Amino acid sequence: MNNIIDLRSDTVTKPSQNMRLAIQAAEVGDDHSGEDPSINRLESVAADFTGKEAALYVPSGTMSNLVALLTHCQRGDEVITGSESHINNHEGMGAFTLGGFSVRTVTNDFRGRINPSDITDACRQEWPRTKVICLENTHNRCGGSAIPKSDISEIAAIAQERGIQLHIDGARIANAAVALETDVASLVADADSVSFCFSKGLGAPVGSVLCGTRDFITEARHNRRLVGGAMRQGGVIAEGAYYALTHNFDRLAEDHENAQLLRHRIEGLPGINLDPAGCDTNLVFFDLDLEFDGDAFRSKLSELGVRCSGTSKQRIRMACHLDISKGDVERAAKLIAQTLGEMEAESS
Ligand SMILES: *Cc1c(COP(=O)(O)O)cnc(C)c1O
């Protein structure tokens, strides 16, 4: 039996032998008192990576966004975010229910972009007051698209004019930088805060980081404690994140090539409508024609050894990551073709 090809997410990667060795050797201390040397080193490197003054290690990307919003806003303030954003769709609306601020959504187009004039219209000076605009890059639900710096700058200017903060949910900002052939720091230069995940394409087992000014991070550190995210000897996991950032960034282009290859191989198969957003990074999306039941497709394909996810019944997502080789992609493409062929035969 061949190994399972797990394309459900880039979060499914397991720590490599070398990462485990680094974790085993991690120096640790009590992070509550700022005494964990591995966390301190990780935060310092993450701040450099994003070109911000300071950084805060947190257990998850969801907590990172939550802490960012709790730090930028007061109860009664308003947050603007994209209709298809992770914050608006996959975080239990936690920031809003816990923080007591309201959310105003603006439409993301199929590539995750937001029309700047929609943002201008959505900003409110009072009652409630818009405090922060959130952008997502790469845009998960919109094809994993990389949002170019020019888009960010245009929206940052709108925010700045009005004294509004700009937060980037950059769970996969490393993928965006690689796809746009730039570095992360320049891509997020116009943002007041940015969050990114070590546990996605970078391949660490646990953790995300929130970056911003020194004052912002000092305040965020209090809010992390408030939501129960302060850790003790967290260096054990931070060392995996450090290893991921320092070893796995340069190889992300490989995941993007594999995603392109997968998209290319399944193009034209019966029932498959490739996402018009294209494939900038490591995520491949397609919609299945209604004759091919999405749930049946997922379970048949899974029986053949390929797992995938999706954002709705007929909308399938496949993620390439560091545990997926080119050979895996070739095999997955054949098994997708086989699955669709069998489904077609059964229905006729
Ligand atoms: C995964 C993800 C998050 C949340 O990260 P978790 O570590 O799963 O909580 C936030 N935003 C985006 C865009 C994501 O893809």
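The structure displayed is predicted, hence computed values, not measured ones. When a ligand or atom number is given, it counts from 1 through the structure's own listing order.
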Correct closest heavy-atom pair for I164 and T130 would be CG1-O, 3.5 Å
Members sharing W127's hydrophobic cluster, built from side-chain contacts under 4.5 Å between Ile, Leu, Val, Met, Phe, Trp and Tyr, are none
Looking only at side-chain N and O atoms, does N65 offer a donor or acceptor that is under 3.5 Å from a partner on D169? yes
Counting heavy atoms under 4.0 Å, the part of S85 that contacts ligand 1 is neither
Hey, does E91 sit under 4.0 Å from ligand 1 if you only count heavy atoms? yes
* Asked: Can you check whether S208 has an N/O within less than 3.5 Å of an N/O in ligand 1?
  -> no
Problem set entry | Distance flag, aromatic centroids of F198 and Y242, threshold under 6.0 Å | no
If we number the atoms of ligand 1 from 1 as shown, the ones under 4.0 Å from a heavy atom of S60 are 7 (O), 9 (O)
Per-atom filter on ligand 1: closer than 4.0 angstrom to a heavy atom of T62 are 4 (C), 5 (O), 6 (P), 9 (O)
Rounding to 0.5 Å, atoms CG (L187) and OG1 (T182) come to a distance of 6.0 Å
Closest to atom 8 (O) of ligand 1 among protein heavy atoms sits K200 NZ, 4.2 Å
Checking heavy atoms under 4.0 Å, the part of H90 that sits near ligand 1 is neither
Among non-hydrogen protein atoms, atom 10 (C) of ligand 1 lies closest to H86 ND1, 3.2 Å
Look at the side chain of N258 and the backbone N and O of D255, then say whether any donor-acceptor pair between them is shorter than 3.5 Å.
no
Any donor-acceptor pair under 3.5 Å linking the side chain of E91 with the backbone of L66? no
the protein heavy atom lying closest to atom 5 (O) of ligand 1 turns out to be G61 CA, 3.3 Å
When you measure from the heavy atoms of R172 to every atom of ligand 1, does any distance fall below 4.0 Å?
yes
Interatomic distance, CG@D10 vs NZ@K200, rounded to 0.5 Å, equals 6.5 Å
Check your understanding: Does any N or O in the side chain of R162 come within less than 3.5 Å of the main-chain N or O of I158, such that one atom is a donor and the other an acceptor?
Key -> yes
Numbered in order shown, the ligand 1 atoms found under 4.0 Å of a heavy atom of E136 are 13 (C)
Looking only at protein heavy atoms, what sits closest to atom 11 (N) of ligand 1 is D169 OD2, 2.6 Å
Checking the N or O distance criterion of under 3.5 Å, is ligand 1 in contact with A171? no
Within 4.0 Å of some non-hydrogen atom of C197, the atoms of ligand 1 are 5 (O)
Next on the checklist: So, 4.0 Å and heavy atoms of M63: is ligand 1 close enough to count as a contact?
Outcome noted: no
Taken in chain and number order and not counting sequence neighbours, the residues that satisfy salt bridge (Lys or Arg N to Asp or Glu O under 4.0 Å) with D151 are R113
